[in-house]
Amino acid sequence: MYKINQKETKVEIELAIDAKEWEEGVQKVYETSKSKFNVVGFRKGHAPRKVIEQTYGDNVFFEDTVQYFLDKTLNEALNEKPELEPVAMPTTEFESFTPENGLKAKILFEIVPDFKLCEYKGAKIKVHSVEVSDEDVDHYIKHFLDSHAEYNPVEREVKTGDIAVIDFKGFIGDVAFEGGEGKAYPLEIGSHSFIDTFEDQLVGHKKGEKVDVSVTFPENYGSQELAGKKALFKVEIQEVKEKSLPELNDKFVADTTEFETVEEYRKSVFAHIQDMKNKDSENEIQHNIRHYLIDNTNVQIPEIMVENQVEGDMARMQQSLDAYRLTVEQYLASMGTTKEEYLKIAKERCLESLKASYIYRKVLEENKITLSPAEIREAAKGLASQEEIARKENELLLEKLYKHLKEAVEIEYVKD
């Protein structure tokens, strides 16, 4: 006999087994486990219960009987109320047990309680415009021309856009630091590939000049030894090279692309950008709908669920790092962050993911969105494992979900 108590995410099942039920339970456990016992004078699996208890002790079936009733009670409770789906392994509190009075205990676990889905039909979802402008095409072509630029040596001061070929050595105080030295390094001025105002301080100097460059490393710099520190770089300019862009004409297009004319090339660039914008727009629509649902639906996710998912992610990260003999802390330090900062972000990410998962499930259930037998058969074609089939089925179901959500809301395209 049991009683279910629920308070928000926490569920408690009070279990009371009287002496008669307990005896029946012990007998069932004996019947299913007697083959495990070896008793002198009896074939294996044929020793009477009393003989086994005399040989192995009166409590030989105790733990298995307790587990039998815990499993039985939990299964019956979940059959009665399937919405009480545990999000983590249930725990048990024992109150009392005697052969005369039976067993009293509590089964404790947490759930995601039922919730009301927000009204999303007709909601306005803003996304960036997919319109391709002439400026978009020109910007793309500029990068293409940059990739074919020539750099010719010049005898003048360094300007933004030039390549300055430099030797450099960095110091913290009077001590040179590891990784702060380079020879004949081609630095594009204005690329911001070096920290702080390093590149700006070379502008106006000529080949052969020696320049002291003072910078401050960012607080979140990958190396903790350098983060936030002031440094001095001794720099010598070996050469200055000026960027020369090719002329965009039919000959250049024919020599460097599959097209013959500038007009054909611009049309292909336009189509490429349009395709990319359309794909980006679909991702943005899904992202913004997802956040609309999360922001407007009150779904409570138990903390234990978030913690378990974060712990799993951290364990998988450590497993990947084992091959490089790195700890999670060492890896995160190299990325310019700490374990505490990473865990904070990871918890937020996992909480959002779990909320979205339950909300999507609710949308599927309320709108009876499922895969037909034919779709399930089609999903299984050419796939060997059940895991692959399940993944494919999930992909198809998500496609149906996104299609439903996109049709249900109003998409508003806005210009940047």
Side-chain angles (χ1 to χ4, degrees), residues 1-18 20-22 24-25 28-29 32 62-97 101-120 290 293-313 347-371 386-387 390-391 393-394 397-398 400-401 404:
M1 186 162 182
Y2 63 86
K3 176 185 176 185
I4 300 175
N5 303 311
Q6 179 186 348
K7 186 176 182 181
E8 295 181 341
T9 66
K10 298 185 183 299
V11 176
E12 174 186 280
I13 301 176
E14 295 182 38
L15 168 63
I17 304 298
D18 61 28
K20 181 182 177 184
E21 289 177 299
W22 177 261
E24 291 171 352
K28 280 188 170 68
V29 169
T32 57
F62 179 81
E63 289 187 11
D64 287 345
T65 305
V66 170
Q67 193 61 50
Y68 163 77
F69 281 113
L70 292 176
D71 293 343
K72 180 174 179 291
T73 302
L74 184 60
N75 288 334
E76 289 177 359
L78 295 181
N79 284 332
E80 178 189 343
K81 292 190 173 184
E83 67 274 13
L84 300 182
E85 178 186 355
V87 298
M89 185 67 69
T91 59
T92 305
E93 287 183 2
F94 291 100
E95 293 187 2
S96 64
F97 169 78
N101 298 320
L103 172 71
K104 285 189 177 180
K106 291 179 181 178
I107 303 172
L108 309 170
F109 57 89
E110 292 197 59
I111 64 166
V112 175
D114 194 21
F115 58 92
K116 181 177 174 55
L117 197 60
C118 71
E119 183 53 65
Y120 62 88
R290 169 190 170 104
L293 292 170
I294 291 173
D295 293 343
N296 293 281
T297 301
N298 182 22
V299 51
Q300 298 178 58
I301 302 295
E303 183 66 22
I304 185 65
M305 207 173 178
V306 178
E307 290 175 357
N308 286 347
Q309 186 157 320
V310 171
E311 286 177 8
D313 289 348
K347 285 182 179 179
E348 292 171 356
R349 183 180 65 247
C350 288
L351 178 59
E352 181 181 300
S353 173
L354 288 165
K355 283 185 175 181
S357 176
Y358 277 90
I359 290 171
Y360 285 170
R361 183 193 296 186
K362 191 86 163 176
V363 174
L364 291 170
E365 290 172 353
E366 290 191 359
N367 293 278
K368 297 181 173 56
I369 301 172
T370 59
L371 295 179
Q386 286 299 317
E387 184 180 349
R391 189 183 300 117
E393 288 178 359
N394 189 57
L397 200 55
L398 279 175
K400 282 194 167 188
L401 172 72
H404 163 79

#### Entry: Ring geometry between W22 and F62 (parallel below 30°, tilted from 30 to 60°, perpendicular above 60°)
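Rings of F62 and W22: tilted, 30 to 60°.
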Could you tell me whether a side-chain N or O of [X] sits under 3.5 Å from a main-chain N or O of [Y], the two making a donor and an acceptor?
{"X": "N79", "Y": "N75", "answer": "yes"}
{"X": "K362", "Y": "F115", "answer": "yes"}
{"X": "D18", "Y": "K20", "answer": "yes"}
{"X": "Q309", "Y": "V306", "answer": "no"}
{"X": "T32", "Y": "V29", "answer": "yes"}

### Task
Evaluate side chain to side chain contact (heavy atoms under 4.5 Å, CB included) for E352 paired with R290, printing each intermediate quantity in order.
CA-CA 10 Å; E352 181 181 300; R290 169 190 170 104; 3.6 Å; yes
### Message
What verdict does the side chain to side chain contact (heavy atoms under 4.5 Å, CB included) test give for N308 and M305, after you've listed the backbone C-alpha separation in whole Å, the side-chain angles of each residue and the deciding distance to 0.1 Å?
### Response
CA-CA 5 Å; N308 286 347; M305 207 173 178; 6.0 Å; no
### Message
So for atom CD, which belongs to E63, do other residues, nucleotides or ligands contribute more than 12 heavy atoms lying within a distance under 6.0 Å?
### Response
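It does not: E63 CD has 12 such atoms or fewer within range.
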### Query
Taking everything shown except K400 itself, do over 12 heavy atoms lie less than 6.0 Å from its NZ?
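Check passes, neighbour count above 12.
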[atom1] of [X] to [atom2] of [Y]: how many Å apart, nearest 0.5 Å?
{"X": "Y358", "Y": "I301", "atom1": "OH", "atom2": "CD1", "value": "6.5 Å"}
{"X": "L354", "Y": "R349", "atom1": "CG", "atom2": "CZ", "value": "11.0 Å"}
{"X": "K106", "Y": "T73", "atom1": "NZ", "atom2": "OG1", "value": "14.5 Å"}
{"X": "L74", "Y": "L15", "atom1": "CG", "atom2": "CG", "value": "10.5 Å"}
{"X": "L401", "Y": "L364", "atom1": "CG", "atom2": "CG", "value": "5.0 Å"}
{"X": "E93", "Y": "I107", "atom1": "CD", "atom2": "CD1", "value": "11.5 Å"}

### Query
Can you list every salt bridge (Lys or Arg N to Asp or Glu O under 4.0 Å) pair that touches residues 77-90, not counting sequence neighbours?
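Sorted pair list: E85-R361.
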Compare all side-chain heavy atoms of [X] with those of [Y] and state whether any distance is below 4.5 angstrom.
{"X": "Q67", "Y": "L70", "answer": "yes"}
{"X": "P90", "Y": "V11", "answer": "no"}
{"X": "D313", "Y": "C350", "answer": "yes"}

### Task
Quick one: do E110 and K10 satisfy salt bridge (Lys or Arg N to Asp or Glu O under 4.0 Å)? Show the steps, please.
CA-CA 5 Å; E110 292 197 59; K10 298 185 183 299; 3.6 Å; yes
So which atom in [X] and which in [Y] form the shortest heavy-atom distance, rounded to 0.1 Å?
{"X": "E21", "Y": "M1", "answer": "OE2-N, 4.0 Å"}
{"X": "N296", "Y": "C118", "answer": "O-CB, 3.0 Å"}
{"X": "G25", "Y": "F69", "answer": "CA-CZ, 3.7 Å"}
{"X": "E8", "Y": "Q6", "answer": "O-NE2, 3.3 Å"}
{"X": "I359", "Y": "T297", "answer": "CD1-CB, 3.9 Å"}
{"X": "I111", "Y": "P302", "answer": "O-CG, 3.1 Å"}

### Task
Determine, step by step, whether Y2 and I17 satisfy the side chain to side chain contact (heavy atoms under 4.5 Å, CB included) criterion, reporting the C-alpha distance in whole Å, the side-chain angles of both residues, the deciding distance to 0.1 Å, and the verdict.
CA-CA 8 Å; Y2 63 86; I17 304 298; over 6 Å; no
### Query
Do K28 and Y68 meet the cation-pi criteria used here (NZ or CZ under 6.0 Å from the six-membered ring centre, within 45° of the axis)?
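Here K28 fails the 6.0 Å and 45° test against Y68.
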### Message
Quick check on side chain to side chain contact (heavy atoms under 4.5 Å, CB included): which of N298, V299, V112 does K355 satisfy it with?
### Response
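Result: among N298, V299, V112, V299 is the only option passing the side chain to side chain contact (heavy atoms under 4.5 Å, CB included) with K355.
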### Query
Is there a side chain to side chain contact (heavy atoms under 4.5 Å, CB included) between F109 and I13 once you walk through the steps?
CA-CA 9 Å; F109 57 89; I13 301 176; 3.7 Å; yes
